[in-house]
A.B. asks: 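Have a look at this one.
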Amino acid sequence: MNLKTLLAERLEVALRDAGAAAASAIVGPATRPEFGDYQANGAMAAAKRLGMKPRDLALRVAEAADLAGIAARCDVTGPGFISLTIDDDCLSEALADGRTEPVGGGERVVIDYSHPNLAKEMQVHHLRSTIIGDAVARVLDALGYDVIRQNHVGDWGTGFGRLVAHLNDTGEDSEALGDLERFYTEASERFANDATFADRARQVVVDLQGGDPATLARWQRYIDISMSHCQAVYERLGVGLEPEHVRGESAYNDDLDGIVEDLEAKGLLTESDGALCAFLPEFKGKDGKIAPIIVRKSDGGYLYHSTDLAAVRHRTQTLHAKRVLYVVDARQGLHFKQLFALARRAAYDAGASLEHHPFGMMLGNDGRPFKTREGSGTRLLDLLDEATVRARRLVEAKNPELDGQQMDRVARAVGIGAVKYADLSKNRTGDYVFDWDAMMSFEGNTAPYLQYAYARIQSLFQRGRVDAAALTGRPAIREAEEHALALQIARFQETLEQVAATVMPHHLCTYLYDLAAAFMRFYERCPVLDSDVRNDRLLLCRHTAATLSRGLDLLGIETVDRM
RNA sequence: GCGCCCGUAGCUCAACUGGACAGAGCAUCGGCCUUCUAAGCCGGCGGUUGAAGGUUCGAGUCCUUCCGGGCGCGCCA
């Protein structure tokens with residue numbers, strides 16, 4: 001049940017009856033405890049349009065709204081706020097053990113995330129796209145959207161041209177990704193410093209895009225090696241990307257000639273210095289210059305604008321997406337603005353919503369781009385190793401009674417969870433500071449705090465020899481802490497809908513932190529096992545645990561029963 | 001030069017997209033374990049939301065200008 005939506009619907013009926021036809025009730029959580037659980041702010045804006053006194057309209061709406069069985073109190077406060085307190089019985093009924101309602105109605109959403117560059121190991125800067133995208137995909141799934149994950153891997157650019165050209169020159173070869181990485185670095189160096197090598201590398205790209213069998217075979221081997229590495233990282237991270245979700249740049253190769261022909265037919269392209277470009281007037285700056293979109297290079301090769309255009313067309317016209325979400329680095333903002341603009345001109349968007357959801361860089365404590373340890377390394381696997389080692393040290397210190405296997409499980413859940421949560425809990429479209437001590441401190445808005453709340457509940461069940469699944473009935477709510485806890489649990493659905501609308505998982509993190517904090521207060525104040533109302537409180541515990549666990553699961557974070 | 005993003009407590013971050021007195025954690029000071037995990041709970045201290053104007057009944061949020069910081073801008077992705 002989504003209480004927020006329910007309240008808004010009821011209040012909007014009353015607003016309409018009062019003469020404010022299209023007015024929104026603007027319902028949100030109350031900003032202060034004395035204003036109840038929810039507040040509606042819509043009457044003030046509506047009154048302005050009707051020429052009424054805000055308070056008078058608010059009083060009429062509060063009086064007329066049918067809130068029976070939902071709100072125990074409905075008061076007008078201040079200049080015309082409507083303060084609502086949810087009925088305890090209604091709250092109790094709203095508890096759902098973390099289950100969600102399929103409001104998505106099967107609407108198809110494509111989400112493009114992770115997209116590592118192949119032939120290189122995954123780096124720390126791939127983390128954000130991978131885990132933010134994964135969390136959003138899970139939330140959309142949970143809400144009943146038809147989610148199609150697309151891993152648009154970089155398997156087709158000049159990077160491969162450099163690599164293959166370099167190995168052609170040196171005669172070297174390897175099955176090990178570490179070697180490929182080294183070859184790649186060498187190749188990049190030569191590309192920058194050796195003009196004739198750069199030409200050969202570009203020629204390899206043309207061969208590849210032209211379908212030369214020998215080049216293709218060599219390319220395929222490196223892709224396979226590289227992809228299996230990515231798959232191992234996804235597994236380690238607990239990210240739900242599978243080989244079936246990979247549809248890389250190369251998948252669109254056969255579409256590129258057709259894309260260019262079509263754009264030309266639509267009069268969108270101009271030749272400029274031998275390259276084919278689109279000059280769209282909305283990208284003209286004050287200096288009169290237009291930022292071009294290059295869809296084909298002067299040597300006949302294609303760029304990522306072209307493959308991305310083909311991908312848009314595929315996603316909207318073949319996959320029939322209603323929304324296409326790009327979880328990509330903020331530095332590509334201009335690229336996506338241009339891409340979407342050109343796609344709309346060419347009618348490739350098919351009416352779908354094309355959305356770039358940008359994020360900033362991971363910075364170290366020094367404010368510079370993050371590196372693992374003091375070295376220059378930025379391998380993602382190194383980061384995950386260090387997270388697990390740090391977590392294991394902490395777990396050993398805090399709870400030495402766990403056996404080795406339990407210790408490993410907890411270290412994994414806490415270490416990986418802390419890294420992911422630290423990232424997911426931040427809204428910033430700008431950069432964010434990666435701080436080992438803060439995320440591993442086990443205090444405040446961190447994964448371990450949430451995991452600890454969950455473990456405490458499991459411990460409670462264990463100590464009381466309670467089979468939580470066998471508990472029946474709806475809990476009666478008496479104490480203020482119980483009311484606050486139940487209210488927070490009941491907000492799960494509206495929170496997920498907020499994440500789906502904004503593509504910002506940090507709203508879910510804030511929600512879960514507030515939920516864990518509400519539970520901790522309840523736990524301190526309200527004894528459970530030795531209580532006259534034991535069953536009611538055990539039920540509240542079960543709903544809390546289930547919601548915490550489900551919420552963390554949607555973030556891709558594990559829970560443990562003991563820690 | 002053109003363009004995008006960011007600026008909130010000493011530090012790291014919120015503020016549900018225009019609502020009430022801007023909230024958390026860390027740090028700091030103090031209180032609470034012979035009862036369910038103290039990895040916890042309760043309280044104190046801490047703010048001219050970079051600056052100045054403007055719109056509005058109401059602005060951290062919208063508009064303008066300026067100051068700081070980051071990033072992007074023709075054949076890399």
Side-chain angles (χ1 to χ4, degrees), chain A residues 4 26 28-32 35 39 41 44-45 47-48 54 77-81 83 115 117 154 156-159 162 188 191 202 249 272-277 283-289 291-294 296-299 301 303-305 307-308 329-335 337 358 360-361 363 365 367 394-395 397-399 414 422 425-433 435 437-439 441-446 448-449 451-453 455-457 459-464 494-495 498 501-502 504 506-507 510-511 513-514 517 520-521 523-525 527-531 541 562-563:
Chain A
K4 183 173 152 173
I26 313 181
T31 52
R32 306 168 69 82
F35 299 138
Q39 65 184 44
N41 307 329
M44 289 176 288
K48 168 99 177 159
T77 50
F81 296 98
S83 297
H115 43 250
N117 293 321
W156 205 237
T158 47
R162 290 174 211 170
S188 297
F191 187 84
R202 290 194 190 93
E249 294 168 342
S272 172
D273 294 335
L276 282 177
C277 303
F283 297 103
K284 186 191 285 189
K286 281 181 191 166
D287 57 1
K289 290 184 188 158
I293 304 168
I294 302 177
R296 197 177 68 192
K297 296 191 284 185
S298 50
D299 66 4
L303 294 161
Y304 73 151
H305 268 119
T307 45
D308 277 354
D329 191 337
R331 287 178 297 188
Q332 304 213 27
L334 177 60
H335 166 64
K337 272 194 180 128
M361 289 187 298
L363 303 178
N365 269 324
L394 283 167
V395 174
K398 293 287 186 188
N399 196 350
V414 168
S425 61
K426 284 161 189 76
N427 159 33
R428 298 308 173 129
T429 49
D431 302 336
Y432 90 101
V433 177
D435 182 345
D437 293 332
M439 76 180 72
S441 78
F442 295 64
E443 286 166 11
N445 189 10
T446 64
Y449 179 83
Q451 290 166 322
Y452 177 57
R456 270 185 139 176
I457 297 171
S459 169
L460 208 60
F461 291 149
Q462 201 172 27
R463 181 169 289 259
E494 74 187 46
T495 303
Q498 189 185 10
T502 59
M504 288 185 172
H506 82 281
H507 288 125
T510 305
Y511 165 83
Y513 177 58
D514 290 342
M520 295 294 195
R521 275 178 232 119
Y523 182 89
E524 296 284 337
R525 178 82 211 294
V528 176
L529 294 177
D530 184 22
S531 159
C541 288
R562 295 183 65 194
M563 62 185 283

A.B. asks: Start with the C-alpha distance between A:H335 and A:D308, add both sets of side-chain angles, then the distance that settles side chain to side chain contact (heavy atoms under 4.5 Å, CB included), and finish with yes or no.
C.D. replies: CA-CA 10 Å; A:H335 166 64; A:D308 277 354; 2.6 Å; yes
A.B. asks: Decide yes or no on side chain to side chain contact (heavy atoms under 4.5 Å, CB included) for A:Q498 and A:Y511, but give the supporting numbers first.
C.D. replies: CA-CA 11 Å; A:Q498 189 185 10; A:Y511 165 83; over 6 Å; no
A.B. asks: Between B:rG60 and B:rU8, how many Å separate the two C1' atoms, rounded to a whole number?
C.D. replies: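 One C1' to the other, the span is 7 Å.
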A.B. asks: Rounding to the closest angstrom, what is the interatomic distance between B:rG7 and B:rU49 at atom C1'?
C.D. replies: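 B:rG7 and B:rU49 have their C1' atoms separated by 9 Å.
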A.B. asks: Summarise how protein sits on nucleotides 10-21 of chain B as a single string, 5' to 3': B when a protein heavy atom is under 4.0 Å from the base, S for sugar-phosphate-only contact, - for no contact.
C.D. replies: --SSSSBB-BBB
A.B. asks: Taking atom OG1 of A:T307 and atom CH2 of A:W156, what is their separation to the nearest 0.5 Å?
C.D. replies: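 Here the interatomic distance stands at 11.0 Å.
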A.B. asks: Would you call B:rC33 syn or anti, using the 90° rule around 0?
C.D. replies: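 Here B:rC33 takes the syn form, which means its glycosidic angle is within 90° of 0.
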A.B. asks: Without decimals, in angstroms, what is the distance between A:I457 CD1 and B:rU37 P?
C.D. replies: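 These atoms are roughly 12 Å apart.
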A.B. asks: For A:I294 and B:rC76, what is the distance between atoms CD1 and P respectively, to the nearest whole Å?
C.D. replies: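 That distance rounds to 8 Å.
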A.B. asks: Would you mind reading off the distance between A:L334 atom CG and B:rC4 atom P, rounded to a whole angstrom?
C.D. replies: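 Result: 10 Å.
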A.B. asks: Nearest heavy atom decides the nucleotide; on that basis, is A:Y513 or A:G154 closer to the 5' end of RNA chain B?
C.D. replies: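 Of the two residues, A:Y513 wins.
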A.B. asks: Hey, does A:A330 reach any base, or is it just sugar-phosphate, or nothing, if we go heavy atoms under 4.0 Å?
C.D. replies: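 No contact.
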A.B. asks: Evaluate whether atom CG of A:D287 has more than 12 neighbouring non-hydrogen atoms of other residues, nucleotides or ligands under 6.0 angstrom away.
C.D. replies: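 Above 12, so yes.
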A.B. asks: How is A:L303 classified with respect to the nucleic acid when contacts are heavy atoms under 4.0 Å: base, sugar-phosphate, or nothing?
C.D. replies: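 Answer is sugar-phosphate: A:L303 comes under 4.0 Å of backbone atoms only.
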A.B. asks: Residues in salt bridge (Lys or Arg N to Asp or Glu O under 4.0 Å) with A:D329, at least two apart?
C.D. replies: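 Partners of A:D329 by the salt bridge (Lys or Arg N to Asp or Glu O under 4.0 Å) criterion, ordered by chain and then number, come out as A:R331.
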A.B. asks: If I compare all heavy atoms of A:M563 with all of A:N399, which pair ends up nearest, and what's the gap?
C.D. replies: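 Of all heavy-atom pairs spanning A:M563 and A:N399, the closest is O-ND2, 2.8 Å.
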A.B. asks: Mind checking the C1' distance from B:rG47 to B:rG10? Whole angstroms is fine.
C.D. replies: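 That atom pair is separated by 12 Å.
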A.B. asks: B:rG74 C1' sits how many Å from A:F283 CZ, rounded?
C.D. replies: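 After rounding, the gap between these two atoms is 15 Å.
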A.B. asks: With sequence neighbours left out, what residues match A:R428 under salt bridge (Lys or Arg N to Asp or Glu O under 4.0 Å)?
C.D. replies: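 Not a single residue meets the salt bridge (Lys or Arg N to Asp or Glu O under 4.0 Å) criterion with A:R428.
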A.B. asks: First locate atom OG1 of A:T510, then atom NZ of A:K426, and finally report the distance between them rounded to the nearest 0.5 Å.
C.D. replies: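 Going from OG1 on A:T510 over to NZ on A:K426, the span is 10.5 Å.
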A.B. asks: Can you list every stem that RNA chain B is part of, counting only runs of 3 or more consecutive Watson-Crick or G-U wobble pairs with both distances under 3.5 Å?
C.D. replies: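 RNA chain B forms these stems: B:1-7 with B:67-73, B:10-13 with B:23-26, B:28-32 with B:40-44, B:50-54 with B:62-66.
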A.B. asks: For a quick check of understanding: with a heavy-atom distance under 4.0 Å over all strands, which category does A:A47 fall into, base, sugar-phosphate or nothing?
C.D. replies: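 Nothing, no heavy atom under 4.0 Å.
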A.B. asks: Strictly under 4.0 angstrom, non-hydrogen atoms only: write out the protein contact profile of nucleotides 27-36 of chain B, one letter per nucleotide from the 5' end, B, S or -.
C.D. replies: ---------B
A.B. asks: When you get a sec, tell me which of B:rC2, B:rC73, B:rG70 is the closest nucleotide to the side chain of A:D287?
C.D. replies: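 The answer is B:rC2, which lies nearest to the side chain.
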A.B. asks: Which part of the nucleic acid does A:S272 contact within heavy-atom distance under 4.0 Å: base, sugar-phosphate only, or nothing?
C.D. replies: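 Answer is base: heavy atoms of A:S272 come under 4.0 Å of a base.
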A.B. asks: Taking the same atom, C1', in B:rC36 and in B:rA22, what whole-Å distance lies between them?
C.D. replies: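 It comes out at 37 Å once rounded to the nearest Å.
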A.B. asks: Touch check for A:K337, heavy atoms < 4.0 angstrom, all strands: base, sugar-phosphate only, or nothing?
C.D. replies: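 It contacts sugar-phosphate atoms only.
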A.B. asks: A:D514 CG to B:rG25 P: how many Å, rounded?
C.D. replies: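 A:D514 atom CG is separated from B:rG25 atom P by 11 Å.
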A.B. asks: Taking A:Q39 for its side chain and A:F81 for its backbone only, find out whether a donor-acceptor pair lies under 3.5 Å.
C.D. replies: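 No: the side chain of A:Q39 does not pair with the backbone of A:F81.
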A.B. asks: Whole-Å distance between B:rA39 C1' and A:M439 CE?
C.D. replies: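 My rounded result for the distance is 17 Å.
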A.B. asks: If the P atom of B:rC45 is compared with that of B:rC2, how far apart are they to the nearest Å?
C.D. replies: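 Here B:rC45 and B:rC2 have their P atoms 49 Å from each other.
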A.B. asks: Phosphate oxygens OP1/OP2 of B:rC5: is one of them under 4.0 Å from a side-chain N or O of A:R331?
C.D. replies: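 For A:R331, the contact criterion (side-chain N or O under 4.0 Å from OP1 or OP2 of B:rC5) is not met.
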A.B. asks: Using the C1' atoms only, state how far B:rU55 lies from B:rC73, rounded to an integer number of Å.
C.D. replies: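 Taking atom C1' in both B:rC73 and B:rU55, they lie 33 Å apart.
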A.B. asks: Rounded to whole angstroms, how far apart are CG on A:L363 and P on B:rC5?
C.D. replies: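 Rounded to the whole Å, the gap is 19 Å.
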A.B. asks: Would you say A:T429 places a side-chain N or O within less than 4.0 Å of OP1 or OP2 belonging to B:rC6?
C.D. replies: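 For B:rC6, OP1/OP2 do have a side-chain N/O of A:T429 under 4.0 Å.
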A.B. asks: If anything within 90° of 0 is syn and all else is anti, what is B:rU17?
C.D. replies: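 Syn.
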A.B. asks: Which atoms form the tightest heavy-atom contact between A:T446 and A:A438, and what is the distance?
C.D. replies: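 Shortest heavy-atom contact: CG2-O, 3.7 Å.
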A.B. asks: Please give the distance between the P atoms of B:rG3 and B:rU64 as a whole number of Å.
C.D. replies: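 To the nearest whole Å, 12 Å.
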A.B. asks: Is A:E443 close to A:Y452 at the side-chain level, that is, under 4.5 Å between some pair of heavy atoms?
C.D. replies: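 They are not in contact (no side-chain heavy atoms under 4.5 Å apart), so the answer is no.
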A.B. asks: Can you measure A:K289 atom NZ to B:rG72 atom P for me and round it to whole angstrom units?
C.D. replies: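 Atom NZ in A:K289 sits about 19 Å away from atom P in B:rG72.
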A.B. asks: Are any of the side-chain heavy atoms of A:P358 and A:Q332 separated by less than 4.5 Å?
C.D. replies: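 Of all side-chain heavy-atom pairs linking A:Q332 with A:P358, none is under 4.5 Å.
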A.B. asks: Who pairs with A:R562 by side chain to side chain donor-acceptor pair (under 3.5 Å), at least two apart in sequence or on another chain?
C.D. replies: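 Side chain to side chain donor-acceptor pair (under 3.5 Å) list for A:R562, sorted by chain: empty.
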A.B. asks: Quick one: closest heavy-atom pair of A:I457 and A:C541, and the distance?
C.D. replies: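 The pair with the smallest heavy-atom distance is CG2-O, 3.6 Å.
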A.B. asks: Pick the closest RNA chain B nucleotide for A:P54 and for A:T307 by heavy atoms, then say which residue is nearer the 5' end.
C.D. replies: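 Mapping each residue to its closest nucleotide by heavy atoms, the 5'-most match is A:P54.
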A.B. asks: If the P atom of B:rU35 is compared with that of B:rA39, how far apart are they to the nearest Å?
C.D. replies: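 Approximately 14 Å lies between the P atom of B:rU35 and that of B:rA39.
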